[in-house]
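Residue numbering restarts at 1 for every chain, and letters A, B, ... go by the order of the sequence lines.
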There are 2 protein chains.
Amino acid sequence: MVNIQRVAKEAGVSVATVSRVLHDQNTVTAKTRLKVEETIQKLNYQPSMLGRNLRKSESRLLLVLIPEISNPFYFDIIKGIESFAISHNYNILLCETDSSPERENIYFDLVKAKMADGIISMDPAVNVEALLDLAENHAIIQCSEYMIEKEIPYVTIDNEAAAYRAVKHLIKIGNKKIAFINSNQKYLYARQRNKGYQKALEEHGIPVREEYIFHTEHLGFEYGQQAAKKILNLNDRPTALFAVSDLLAIGALKEISACGLHVPDDMAVVGFDKIEFSNMTNPALTTISQPMYKMGTIAVEMLIKKLKGEKVESVILDHELVIREST
Amino acid sequence: MVNIQRVAKEAGVSVATVSRVLHDQNTVTAKTRLKVEETIQKLNYQPSMLGRNLRKSESRLLLVLIPEISNPFYFDIIKGIESFAISHNYNILLCETDSSPERENIYFDLVKAKMADGIISMDPAVNVEALLDLAENHAIIQCSEYMIEKEIPYVTIDNEAAAYRAVKHLIKIGNKKIAFINSNQKYLYARQRNKGYQKALEEHGIPVREEYIFHTEHLGFEYGQQAAKKILNLNDRPTALFAVSDLLAIGALKEISACGLHVPDDMAVVGFDKIEFSNMTNPALTTISQPMYKMGTIAVEMLIKKLKGEKVESVILDHELVIREST
DNA sequence: CTGAAAGCGCTAACAT
DNA sequence: ATGTTAGCGCTTTCAG
């Protein structure tokens, strides 16, 4: 392996000068610079980041914690994160936690061991204690999910307002019996969306019926199917349903048509997230769209600021209702 | 930051002893070990990987190159890679190349700069020259895609046999006019699957009709839709279609039902990959399943072997035909 | 404008 | 069983 010493010797200069050339410092004569650059070419020298990292005590690696790599909700966020990070000379380590504390710990340890500089956490099931603990000495940003009253900066949308908007849309087009497929209430976003659901109903004088509200353990097609099955078996069958995730809504769509019913005539359906699939279903899904890509870029921007020691403020972004064929 | 020196001083031993305790070497007295362990606890010492990495000249980071993070084809492969890697103390840097050479180069440079130890390439559009060049001095494995006659080890399935199997199934259930949605022939897998398609037809005395073969630039729903549109407009309309990717097949499904036609009665459809979503379509998609997870674990296993300097052999895995409602 | 040298935190060969 | 020490490759301060 050819190192900086070797280049210096070959070019007849000191390692300091090679380093200066490498970093575009103007304190080098054109002539010296040329000589060094030629030598670098000739020897095909590539500076090792290992040395650099140790010296500067940084890794330029950022961790992104997500529960499941296959959840399409994260795709565009990750794209945003990646593009911003790369353009600022950071790399992204995508970490699938499976919402398991052990798995999470591996990644937390990576930061403690200086193998990564900071974390963007998108796992709603993250171990809060551990995260807060880590945040004392390390740069951490939460994306999409967050903790009220805690000092970890976050970027998110207004979940309550978004759910309210979705349900209000269902009411406007004539539905009064609206089922709600929510995920586990231990997640803040689930509680907030539940609030939005209830608020919309109450505002229109529609009583909230507990038997219309369902909770799923995970976000996946099959959980949507199961919930839909229960909804369809209800005595006083709802005419519409709102699911907190497109995945759940798509599963429900499948179940509804499997029962020979028609969307939206027999049952209107609204999802959440506007994942790409949601336009491929039959009928195409009405859903809430979040500015994913932007959320990603903002999250890294905040993280990099934090890494520099700057003060960062949390951000709440706008959402949109995308009306398609399912309502 | 508390370092090994500090621990050594505090515990009244040498840094070597601390290092020995850290690495579970038995050459340390129980008493000394205890003292050191207590000190580590007390100071909350966490060894820095930066120092370790420089010293050992390794990063324990593996790159996984994929064209698109959102392509479900890769999900289980990645899961397999991750679990095997983590259990062997490696971490995975998932790299989205967008099939762009510039983007790819960023990652190749990461390896050259010793920031990563090796690469698993799954990008069929990878810059072959650059990859072969890199492979001269670095550990590289190809997964799913590969190069014939080149020395980079790979793990894959028999694409020709799989396509042959799919088309033969369509013939068996009574189809003679079978359209084929392939991706760009510049990819080896596309050429191999094309061979399988032709072989099945020829074996049953069915002439290969050029107008039944379509090529898409990318693998995405919308490309499948477009191709299906053309197929449906054909004078002598096919009664079945085989797509080289579930994504394409699902797009086709959407288009077919949008035209008021019925699958499988008017048009039987077979996909490829058995992505999760392929079971959520209406009707559920018949498809070819590859042992993704296993492919992933084998790929890392090969890479780690290579890193150790061992000789590795390429592997070809089995596939399966999963018959569902679309045929 | 350039060079010498310290040192980032760790491992491991060698010495005791 | 434990300590001493060189050195991984780099950046940066200080001197000249």
Does anything in residues 27-40 of chain A reach DNA chain C, meaning a heavy atom under 4.0 Å, and if so which residues?
A/Thr27, A/Val28, A/Thr29, A/Thr32
Euclidean distance, A/Arg20 CZ relative to A/Ser14 OG, rounded to 0.5 Å:
6.0 Å
Distance, nearest 0.5 Å, that separates OG of A/Ser57 from NZ of A/Lys114:
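Answer for the OG-NZ pair, A/Ser57 versus A/Lys114, is 3.5 Å.
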So, is B/Ser48 near the phosphate of C/dG9, with a side-chain N or O under 4.0 Å from OP1 or OP2?
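B/Ser48 to C/dG9 OP1/OP2: no side-chain N or O under 4.0 Å.
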Out of A/Leu62, A/Ile298, A/Leu94, A/Val64, which residue meets the side-chain contact (heavy atoms from CB on, under 4.5 Å) rule with A/Ile81?
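Only match with A/Ile81 under side-chain contact (heavy atoms from CB on, under 4.5 Å): A/Val64.
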Quick one: label A/Val15 by what it contacts on the DNA or RNA (base, sugar-phosphate, nothing), any heavy atom closer than 4.0 Å.
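Here A/Val15 touches the bases of the nucleic acid.
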Comparing B/Thr17 and A/Pro47 on DNA chain D - which has the more 5′ nearest nucleotide
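Looking at DNA chain D, the more 5' nearest nucleotide goes with B/Thr17.
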Can you tell me how far [atom2] of [N] sits from [atom1] of [X], to the nearest Å?
| X | N | atom1 | atom2 | answer |
| --- | --- | --- | --- | --- |
| B/Asn53 | D/dG9 | CG | C1' | 13 Å |
| B/Asn3 | C/dC8 | CG | C1' | 9 Å |
| B/Arg52 | C/dC10 | CZ | P | 11 Å |
| B/Leu54 | C/dC8 | CG | P | 13 Å |
| A/Met115 | C/dC10 | CE | C1' | 14 Å |

Both B/Lys56 and A/Gly51 contact DNA chain C. Which one's nearest nucleotide lies toward the 5' end?
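Residue closer to the 5' terminus by nearest nucleotide: A/Gly51.
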Could you say whether B/Leu50 or B/Ala16 is positioned toward the 5' end of DNA chain C, judged by the nucleotide with the nearest heavy atom to each?
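With B/Leu50 and B/Ala16 compared, the 5'-side residue is B/Leu50.
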Between B/Ser144 and B/Tyr154, do the side chains contain a donor N or O and an acceptor N or O under 3.5 Å apart?
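The criterion, which ignores hydrogens and geometry beyond distance, is not satisfied for B/Ser144 and B/Tyr154.
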Tell me whether B/Asn184 at atom CG has more than 12 heavy atoms from other residues, nucleotides or ligands lying less than 6.0 Å away.
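Counting other residues, nucleotides and ligands, CG of B/Asn184 exceeds 12 neighbours.
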If you count heavy atoms of other groups shown closer than 6.0 angstrom to CG of B/Asp318, is the number above 12?
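No - once you tally the heavy atoms of other residues, nucleotides and ligands closer than 6.0 Å, there are 12 at most.
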Base C/dG3 paired with A/Arg20 side chain (donor-acceptor, <3.5 Å):
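Yes, the side chain and the base share a sub-3.5 Å donor-acceptor pair.
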Nearest to the side chain of A/Tyr45, which nucleotide is it out of C/dG3, D/dC10, D/dT12?
D/dC10
Choose from D/dC10, C/dT2, C/dG9 the nucleotide whose nearest atom is closest to any side-chain atom of A/Ile4.
D/dC10
Give me the atom names and distance for the closest heavy-atom approach of A/Ile140 to A/Pro153.
O-CD, 3.6 Å
